[in-house]
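Presented below is the structure to which this report refers.
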Amino acid sequence: MQVVATGADLGQRYGRIWALQNLTIEIPTGVTVLLGPNGAGKTTLLDIVVTLRPPAAGAVSVLGVPATTGSDVREIRRRTGYLPQHFGYYRSFTLQEFVEYAAWLKGVPSRNLSAAATDAIARVDLAARSRSKMGALSGGMLRRAGIAQAIAHRPEFVVLDEPAVGLDPTQRIRFRALIRQLAADGASFLVSTHMVEDVRATADHVVVLSDGRAVFTGTSDELEQRGSDTDLGDTSLERGYSNVLGPSRRT
Ligand SMILES: Nc1ncnc2c1ncn2[C@@H]1O[C@H](COP(=O)(O)OP(=O)(O)OP(=O)(O)O)[C@@H](O)[C@H]1O
C-alpha cells in the first residue's frame, strides 16, 4: 500500500478536552473518506495533516516529508491543497481573483495564474460566474469556489473538510465525478463528510473517527459488512457506520 500521509501517536487537546488521543493513522494514496459524528476530531486531524496546527503529541508526515522544520512545512503546504470548513475571502474579489490569489500563495508562477484559476473554476462548474464578486455567490457556489482554490495549483494531495455541505443534488453528483477524475489524474484525497452515502461513490478507503480515535479503517465494502439488521441506518453502509461507532454513539 502506498501511503500519502501518516500520523503517529497523534494527540491534541483543547483545555481538558482531548480532541485526538494516541491516533496512529496511515492515509493511502487514492481517495480516503473520513467519517465521524460531530466533535469526533475530524477537523482537528485535517488541520494537523495540512500543518495548520502542530499536534500536541506525536508526529505527522505528508508526501514522505516529516512536518518538522519550517522548510518541510512549506514544502508540504506547497504540494497540498486544503478546503477548510470555513475559509476567509475578500467579498470584493471576483471569483477569478480569489482563485488566482490562492494559486499565487501556493507558488504558481505569475504567467500561469490566469490559466490555472480558469481551469480550476471550470472544473467546479462555475465558469459562468468567474467575474462575479465573492460576496455575491450563494453558499453552494462558495463551497465550489473553495474546492477550486484547493485544486488550482494541481496539488498531489487534496484535503477537503466537508466539501459537499450546501451543494445541491446535481452539484454533489458532479463533485463526486470531479474527485474521481482528479484521483484518476494522480491526486490523492482526504475528505471529511457526514454524508455516508457519498462514500460508496468516491472512497477507496474509509476511516471512521469517534472521540478522537480511529474506530474503523478499511474499504467501504468492509464497512458495509460490519452492519447488521439491528444497526441504525437505511443502507448497509449506514448500518456499518452505526455499528463501528458502538452502542453508545449510534446515531
Ligand atoms: N478551538 C477549540 N477550542 C476548544 N475546543 C475545541 C476547539 N476546536 C475543537 N474543539 C473540540 O475538540 C473536539 C473535536 O472537534 P473537531 O472540530 O475536530 O470535530 P469534528 O469531528 O470536525 O466535528 P464536526 O463534525 O462537528 O465538524 C470537540 O469536542 C470540540 O468541541
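Whatever order the structure lists ligands and atoms in, that order sets their numbers, starting from 1.
- By the side-chain contact (heavy atoms from CB on, under 4.5 Å) test, R180 pairs with R176, A177, A201, sequence neighbours left out.
- Ligand 1 places these atoms under 4.0 Å from at least one heavy atom of N38: 23 (O), 24 (P), 25 (O), 26 (O).
- Considering both main-chain and side-chain atoms, I17 never comes within under 3.5 Å of ligand 1 through any nitrogen or oxygen pair.
- Residues T193 and L35 share a closest heavy-atom pair of O-CD2, 3.4 Å.
- To the nearest 0.5 angstrom, L209 atom CG is 10.0 Å from T43 atom OG1.
- The atoms of ligand 1 that sit less than 4.0 Å from any heavy atom of Q85 are 27 (O).
- There is a side-chain donor-acceptor pair under 3.5 Å between D47 and Y82.
- Side-chain contact of E156 with S188: a donor-acceptor pair under 3.5 Å is absent, judged by distance alone.
- In terms of protein heavy-atom proximity, atom 25 (O) of ligand 1 is closest to K42 NZ, 2.8 Å.
- For ligand 1, the atoms lying closer than 4.0 Å to a non-hydrogen atom of H194 are 25 (O).
- Taking the six-membered ring for Trp, F98 and F87 have ring centres closer than 6.0 Å.
- The number of heavy-atom neighbours closer than 6.0 Å to OH of Y101, taken from other residues, nucleotides and ligands shown, is 12 or below.
- Remark: L46 CG to D161 CG distance equals 5.0 Å, nearest 0.5 Å.
- The protein non-hydrogen atom at the shortest distance from atom 17 (O) of ligand 1 is T43 CB, 3.7 Å.
- At least one N or O atom of G41 sits closer than 3.5 Å to an N or O atom of ligand 1.
- Protein heavy atom at the shortest distance from atom 2 (C) of ligand 1 is Y14 CD2, 3.5 Å.
- Annotation: salt bridge (charged side-chain N to carboxylate O under 4.0 Å, His left out) contacts of D72 (sequence neighbours excluded): none.
- The backbone of P37, and not its side chain, has at least one atom closer than 4.0 Å to an atom of ligand 1 (non-hydrogen atoms only; backbone = N, CA, C, O).
- Taking atom 18 (O) of ligand 1 as the reference point, the nearest protein heavy-atom neighbour is T44 OG1, 2.6 Å.
- What you find for Q21 and D211 is that their closest heavy atoms are NE2-O, 3.8 Å.
- Those atoms of ligand 1 that come under 4.0 Å of a heavy atom in A19, given as number and element, are 12 (O), 13 (C), 14 (C).
- The nearest heavy-atom contact from the protein to atom 14 (C) of ligand 1 is G39 O, 3.4 Å.
- Less than 4.0 angstrom separates atom 31 (O) of ligand 1 from none of the non-hydrogen atoms of the protein.
- Residue E162 places a heavy atom under 4.0 Å from ligand 1.
- If you number the atoms of ligand 1 from 1 as listed, the ones under 4.0 Å from a heavy atom of A40 come out as 19 (O), 20 (P), 21 (O).
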